[in-house]
Amino acid sequence: MVTGNLLIVIFLLSLAALFFMILKLKVDPFISLIAVAFATALALGFPLADIPGVVAGGFGNTLVGVGILIGLGVIFGQFLGASGAIEKIAGAVLKLFGVKRSAAGLSLTGVAVSIPVFFDAAFVILSGLVRSLSRRTGISIVTFVTALGIGLIVSHSMIAPTPGPMVVAENTGSDLGLFIVYGLICAIPAALVGGYLYGTFIGKRIPGTIVTEEDVVQEEAAAYKKEISTGLSFFMLALPIVLILLNTITQIWLEEGSTLSNILGFIGDKNVALFISVIVAIIILKPYINVPYKSLYDEAIESAGMIILVTGAGGAFGAVINQSGIGDHLIATMQGWSIPVLVLAFIFAQILRASLGSATVALVTTSSIMGPMAVELGASPILLGLAICAGAVGLSLPNDSGFWVVNKFGGLTIPQTIQAWSLGGFIAGLTALAMVYILSLFSGILPGL
């Protein structure tokens, strides 16, 4: 097995090869990811007998978390779109925030939704709203994808009771209530700067809306069906989110193993919650849909198939990188750097986020190492934890399954995904770190700091 700095070199070369295959050679992302996963494993010196298992295991483990979710999410989105519910919700957002600030409204929606709901599930559920807002406002879809995606990932990485931040609070010995409050103070500006402001900036340089064949079918059907109410539209969109929230409530407030805890935990599982929501949508939305159900199913299955393949392949590539030992090497290297502790925590988490492809893994790994040393390092446990969370917001690369969820459900090209999602997340992370330093200026006044 390869060790030392050569690990980093091979990782960078693997990314370059992946981008070359997709962008220059126009090879399908699924084929490109699987090919690069095998080639990278060979270059890293994995035993030949182990390589197929590592690649297949990474593919399968990724789909354990998001495979069913993607399939059900696409079907759910089809029904919301065909019934006109997404259009109603888009109209309500525009009425509340106005056309010019509609992206800000979507970004703040993302922050709120991703506290109880995992990033992948939330993006899948809200992706139809992105397309609808883009069509109705004429604002580039890149702006809305950036606003939503960054709002979601900032919340996912910084605000408990999302699992990653919860672990960080525990590992740093922070008061959970104060950690949530200060996490919100850092997360909202980060979402608005990285999601709304940067999204508006990059959207003006990548103009135009993206209208899919699915959107056209839904718009044509809309002229002939019974009009759905705004209240019912919001109810349907909120249903899976509220059901998933039950799982969070169960973990925090109910006794583990109790009957009520087991029931709510089952209903609140993201796959079960979305399945229930699909069944409810099939029944309740029937009067508002003028498209044959079979065509909706067929379109959803066709769309979900490729998304599932690409997302799983991204997980396969990520598994090769994860098992290479690059994370351990980076940890050993960075511990000797002489830089401010909050910046070190941010960089540490940021590099692990980029190299391992998982915000949660980056949060757990970084806080496990640096958290117990907070007092020894002369840092506030809360500020140290927030700096770690800020680092995990970005940089998302193709070894992250979230990269492909945004790419496919957002309808973006690979370069657009990098500009909107990857760079937007990095900017949001830097903004969150700046907020951490601003909080540090008031450490003598604010409680817990």
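Heavy-atom basis, side chains included; hydrogens, waters and symmetry copies ignored.
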Nearest atoms (heavy-atom pairs only) where [X] meets [Y]:
X: Gly71; Y: Ile308; value: N-CD1, 4.4 Å
X: Ser14; Y: Val36; value: O-CG1, 3.6 Å
X: Ile139; Y: Ser102; value: CD1-OG, 4.1 Å
X: Ser107; Y: Ala191; value: OG-O, 3.2 Å
X: Ala92; Y: Phe234; value: CB-CE1, 3.5 Å
X: Ala359; Y: His156; value: CB-CD2, 4.3 Å

Hey, does [Y] have a side-chain heavy atom less than 4.5 Å from the side chain of [X]?
X: Leu243; Y: Ser277; value: yes
X: Phe59; Y: Leu309; value: yes
X: Phe275; Y: Val272; value: no
X: Pro398; Y: Phe19; value: yes
X: Arg353; Y: Leu395; value: no
X: Ile141; Y: Leu412; value: yes
X: Leu192; Y: Leu197; value: no
X: Leu430; Y: Val393; value: no

Within a 6.0 Å radius of atom [atom1] on [X], are there more than 12 heavy atoms belonging to other residues, nucleotides or ligands?
X: Ile68; atom1: CD1; result: no
X: Tyr437; atom1: OH; result: yes
X: Arg101; atom1: CZ; result: no

Are Trp421 and Tyr198 an aromatic pair by the rule of ring centers under 6.0 Å?
no
Just to verify, which of [options] counts as forming a side-chain contact (heavy atoms from CB on, under 4.5 Å) with [X]?
X: Phe346; options: Leu386, Leu433, Val436; value: Leu433
X: Leu106; options: Val93, Thr146, Val130, Thr143; value: Val130
X: Phe317; options: Asn399, Thr62, Asp400; value: Asn399

[X] [atom1] to [Y] [atom2] distance, which is reported to the nearest 0.5 Å:
X: Leu363; Y: Met158; atom1: CG; atom2: CE; answer: 9.5 Å
X: Ile22; Y: Ser32; atom1: CD1; atom2: OG; answer: 4.5 Å
X: Leu63; Y: Ser401; atom1: CG; atom2: OG; answer: 9.0 Å
X: Ile8; Y: Leu13; atom1: CD1; atom2: CG; answer: 12.0 Å
X: Ile185; Y: Ile180; atom1: CD1; atom2: CD1; answer: 12.5 Å
X: Leu441; Y: Leu449; atom1: CG; atom2: CG; answer: 11.0 Å

Within [range] or reaching into it, pairs that qualify as salt bridge (charged side-chain N to carboxylate O under 4.0 Å, His left out) - sequence neighbours excluded:
range: residues 60-81; result: none
range: residues 65-86; result: none
range: residues 168-194; result: none

